[in-house]
Undergrad: 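Handing you a structure now.
Everything numeric in this text was worked out from a predicted model, so none of it was measured. Numbering of ligands and ligand atoms starts at 1, following listing order. Each residue takes its place number in the sequence, starting with 1.
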Amino acid sequence: MSLSSVLLKRLQFQRRIITAVNVYGTRSFTTTEGHRPAIVHKRSLDILHDPWFNKGTAFSMTERDRLDLRGLLPPNVMSSEQQIERFMADLKRLQLSARDGPSDPNNLAKWRILNRLHDRNETMYYKVLIDNIEEYAPVVYTPTVGLVCQNYSGLFRRPRGMYFSAEDRGEMMSMVYNWPADQVDMIVVTDGSRILGLGDLGVQGIGIAIGKLDLYVAAAGINPQRVLPVMIDVGTNNEKILKDPLYLGLQEHRLDGEEYLAVIDEFMEAVFTRWPNVIVQFEDFQSKWAFKLLQRYRNDYRMFNDDVQGTAGVALAGLLGAVRAQGRPMIDFPKMKIVVAGAGSAGIGVLNAARKTMARMLGDTEVAFESAKRQFWVVDANGLLTEARENIDPDARPFARKVNESERQGLREGSKLVEVVQQVKPDVLLGLSAVGGLFSKEVLEALKGSTSTRPAIFPMSNPTKNAECTPEEAFSIVGDNIIFGSGSPFANVDLGDGHIGHCNQANNMFLFPGIGLGTLLSGSRIVSDGMLQAAAECLAAYMTEEEVLKGIIYPSISRIRDITKEVAASVIREAIEEDLAEGYREMDGRELRKLNEEEIKNYVMNNMWIPEYPKLVYKED
Ligand SMILES: NC(=O)c1ccc[n+]([C@@H]2O[C@H](COP(=O)([O-])OP(=O)(O)OC[C@H]3O[C@@H](n4cnc5c(N)ncnc54)[C@H](O)[C@@H]3O)[C@@H](O)[C@H]2O)c1
Ligand SMILES: O=C(O)C[C@H](O)C(=O)O
Ligand SMILES: [Mg+2]
């Protein structure tokens with residue numbers, strides 16, 4: 001037997017033991033990788049200054065000796081729990097002094113403290129985030145991440161991620177080698193042109209890529225050493241930041257047309273050359289480019305657009321949840337009347353997904369596909385969209401209402417949202433307009449006339465100040481018996497007499513981590529429509545009947561790791577079904593398609609990174 005086959009056998013044996021330990025639930029640390037010591041090529045202060053290897057006061061005495069750390073730390077060795085206790089005591093002092101929750105004005109200060117921890121000790125940062133996800137998701141993600149992006153020039157301390165600018169044309173293929181990691185699993189890339197509902201923030205938009213990747217680590221257990229936030233800086237059309245002398249990005253107007261495409265093409269070629277197995281999530285690109293880039297790359301690269309495809313799935317799960325919450329059978333979905341405010345990348349993505357699902361329920365014929373579009377009324381900045389509109393955006397065209405039909409309904413091209421709601425009496429009012437307060441008192445009053453026993457209101461725009469309405473407004477004006485889901489988190493509403501108005505968070509965070517993880521572990525070379533549909537259906541089916549009837553149609557964020565595992569497993573199953581899965585089970589080399597449902601879930605769980613300090617072993621470089 002050759003040496004390599006002996007080693008291979010030993011490795012497989014060790015992995016089996018770890019998996020067996022895992023099955024019996026006696027250890028929380030499940031990845032095979034985590035049990036191996038980490039090899040470091042540095043010692044002494046260099047270790048303490050490396051956030052990936054630094055354990056601070058948790059270095060054991062033997063490690064301190066091994067790594068020349070004795071005397072460089074206070075003598076009392078702390079457990080990781082004690083370290084976190086100390087850190088949290090500091091953070092809580094800040095919380096006690098102000099309002100807690102998603103709209104706590106101290107959230108920016110909390111972000112600073114957490115970000116400093118991220119810079120010092122990655123393992124501890126992710127442990128704090130995972131164990132307190134409900135509390136800190138609104139700090140590292142929406143809504144605070146919006147504020148962070150707006151104030152990025154002042155907040156910038158250390159770079160995190162890579163910046164590819166229009167100045168780097170011709171250099172990207174070599175630049176990618178400046179990134180230290182030989183393996184990158186997930187890239188989230190933005191060009192900063194539409195950050196949440198805050199518009200063009202140029203280079204400052206990198207904050208959103210960082211925030212999304214924090215959720216990839218926390219929810220999907222993607223190894224934080226293998227994530228890469230990317231900003232493609234092709235200029236900005238935001239006149240305010242263009243004039244700001246402290247702005248950190250290129251101070252020129254955005255590239256457009258072929259020049260713009262050439263930059264994005266070069267970036268894609270470069271990252272896929274260095275990391276052929278990476279998945280690239282496009283985030284917060286203005287609608288003008290979001291669809292074009294998706295069509296351009298989706299058949300050749302492992303990529304997806306979160307705002308178009310992730311949002312579509314989350315909204316679809318919400319719409320199906322609303323049908324269930326109304327006590328109707330799912331098959332009633334194609335009868336729902338849906339008014340959508342906003343026809344950008346997010347709105348159109350939702351409309352397409354909902355239309356396709358309705359058509360499938362109606363028999364998947366061309367006639368069904370044609371008739372399904374009649375369930376939607378789209379209102380954008382110019383009012384109701386009809387075929388009378390000049391220069392209709394081609395992506396929105398299929399949803400333009402017929403003029404005659406509209407007239408019969410008392411509507412016309414450009415009718416106001418309030419008129420549309422009055423006339424249509426929809427089951428669902430969904431907002432992806434980025435206009436805070438768009439669902440005004442009058443609009444919500446009009447929704448009281450809904451033909452549904454339990455209308456659903458989804459003000460999905462982010463961050464909080466861009467939400468189309470607040471839950472207080474919705475419950476107090478439309479009534480207690482509504483379904484409510486917002487993009488950014490809000491607290492539940494006290495309806496009196498012990499009743500609670502439940503606020504769901506209708507945010508793509510419930511899908512993108514599972515879509516990424518499932519694609520990664522399936523080995524699929526593309527992210528297919530079927531894989532996205534499977535993700536959405538998994539989310540839609542996740543809540544129990546009892547929860548749904550209470551108006552709880554999305555999980556609480558505290559369950560994000562569990563729903564992500566389920567979504568990832570569904571994505572893998574679909575990839576297998578479509579013969580796209582090229583991945584192999586790491587444990588013993590069995591082919592994915594031979595695994596049963598439970599085994600696929602275990603495969604997912606076993607490959608989710610969890611934040612525990614590895615033992616460090618020094619080796620000369
Ligand atoms: N909850 C989520 O998971 C989620 C996901 C993606 C996007 N979003 C949010 O959706 C919003 C829109 O994103 P986008 O990429 O589609 O943006 P976009 O700028 O491409 O589209 C905005 C759309 O809103 C329309 N609009 C503007 N003013 C309006 C008005 N007064 N009435 C009706 N419509 C109006 C515009 O005409 C346009 O069609 C953002 O706030 C974003 O944060 C939320
Ligand atoms: O970032 C979010 O919170 C959701 C979404 O991707 C958005 O653009 O608003
Ligand atoms: Mg987004």
Undergrad: May I ask you to list the protein N, O or S atoms found at less than 2.8 Å from the Mg ion (ligand 3)?
TA: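 Near the Mg ion (ligand 3), the protein supplies E283 OE2, D284 OD1, D307 OD1.
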Undergrad: Determine, considering heavy atoms only, which of G197, A381, S461 sits nearest to atom 35 (C) of ligand 1.
TA: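 Minimum heavy-atom distance to atom 35 (C) of ligand 1 goes to A381.
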Undergrad: What residue and atom, counting heavy atoms only, is the protein's closest point to atom 10 (O) of ligand 1, and at what distance?
TA: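 The protein heavy atom lying closest is L432 CD2, 3.4 Å.
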Undergrad: Give the residue, atom name and distance (to 0.1 Å) of the protein heavy atom nearest atom 21 (O) of ligand 1.
TA: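 I find the closest protein heavy atom is G344 CA, 3.3 Å.
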Undergrad: Less than 4.0 Å is my threshold; does some heavy atom of L438 fall inside it relative to ligand 1?
TA: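 Heavy atoms of L438 do come under 4.0 Å of ligand 1.
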Undergrad: Can you say whether the rings of H118 and Y125 are parallel (under 30°), tilted (30 to 60°) or perpendicular (over 60°)?
TA: parallel
Undergrad: Assess whether a salt bridge exists between R157 and D119, defined as any Lys/Arg side-chain N lying under 4.0 Å from an Asp/Glu carboxylate O.
TA: no
Undergrad: How far apart are the C-alpha atoms of S433 and E468, what are their side-chain angles, what is the distance that settles it, and do they pass the side-chain hydrogen bond (donor to acceptor under 3.5 Å, both in side chains) test?
TA: CA-CA 8 Å; S433 65; E468 284 80 0; 2.8 Å; yes
Undergrad: Does this structure show an ion pair linking D284 with K212, if we count only N-O contacts that are shorter than 4.0 Å?
TA: no
Undergrad: If the threshold is 4.0 Å, N to carboxylate O, is there a salt bridge linking E419 and R412?
TA: yes
Undergrad: Heavy-atom contact under 4.0 Å between N466 and ligand 1?
TA: no
Undergrad: Could you check whether any side-chain N or O of N305 sits under 3.5 Å from a backbone N or O of D307, counting only pairs where one atom can act as donor and the other as acceptor?
TA: yes
Undergrad: Check this for me, if you would: do E405 and R374 make a salt bridge, where the nitrogen-to-carboxylate-oxygen distance has to be below 4.0 angstrom?
TA: yes
Undergrad: Considering only NZ, NE, NH1 and NH2 on the basic side and carboxylate oxygens on the acidic side, decide whether R559 and D562 come within less than 4.0 Å.
TA: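 Between D562 and R559 there is no salt bridge, as every charged N stays at least 4.0 Å from the carboxylate O atoms.
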Undergrad: What atoms in ligand 1 come closer than 4.0 Å to a heavy atom of A343?
TA: 23 (C), 38 (C), 39 (O)
Undergrad: Which residue and atom name correspond to the protein heavy atom nearest atom 5 (C) of ligand 1, and how close is it?
TA: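 Sorting protein heavy atoms by distance from atom 5 (C) of ligand 1 puts T311 OG1, 2.9 Å first.
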Undergrad: For G487, counting its heavy atoms only, list the atoms of ligand 1 lying under 4.0 Å from any of them.
TA: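 So the answer, numbered in order with elements, is 1 (N).
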Undergrad: Atom 3 (O) of ligand 1: which protein heavy atom is closest, and how many Å away?
TA: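 For atom 3 (O) of ligand 1, the nearest protein heavy atom comes out as N508 N, 2.8 Å.
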Undergrad: State plainly whether the residues D200 and R254 are in salt-bridge range, i.e. N to O under 4.0 Å.
TA: yes
Undergrad: Write out the residue and atom name of the closest protein heavy atom to atom 19 (O) of ligand 1, then the distance separating them to 0.1 Å.
TA: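 So the nearest neighbour among protein heavy atoms is R194 CG, 4.4 Å.
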Undergrad: Tell me the residues surrounding ligand 2, counting only those with a heavy atom closer than 4.0 angstrom, sorted by chain and number.
TA: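 Ligand 2 pocket, heavy atoms under 4.0 Å: Y141, T142, R194, L196, I208, K212, E283, D284, D306, D307, N462, N507, N508.
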Undergrad: Indicate yes or no: does D393 engage K288 in a salt bridge with an N to O separation below 4.0 Å.
TA: no
Undergrad: Please step through side-chain hydrogen bond (donor to acceptor under 3.5 Å, both in side chains) for the pair Q505 and S488, ending with a clear verdict.
TA: CA-CA 6 Å; Q505 193 175 353; S488 294; 5.6 Å; no
Undergrad: Mind checking whether M460 has an N or O less than 3.5 Å away from an N or O of ligand 1?
TA: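 In this structure, M460 places an N or O atom under 3.5 Å from an N or O of ligand 1.
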Undergrad: On the ring face of Y301, is R296 found with NZ or CZ under 6.0 Å from the centre and within 45° of the axis?
TA: no
Undergrad: I'd like to know whether the aromatic ring centres of Y216 and F512 sit less than 6.0 Å apart in this structure.
TA: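 Yes; F512 has its ring centre under 6.0 Å from that of Y216.
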Undergrad: Got a salt bridge between R160 and D214, using NZ or NE/NH1/NH2 to carboxylate O under 4.0 Å?
TA: no
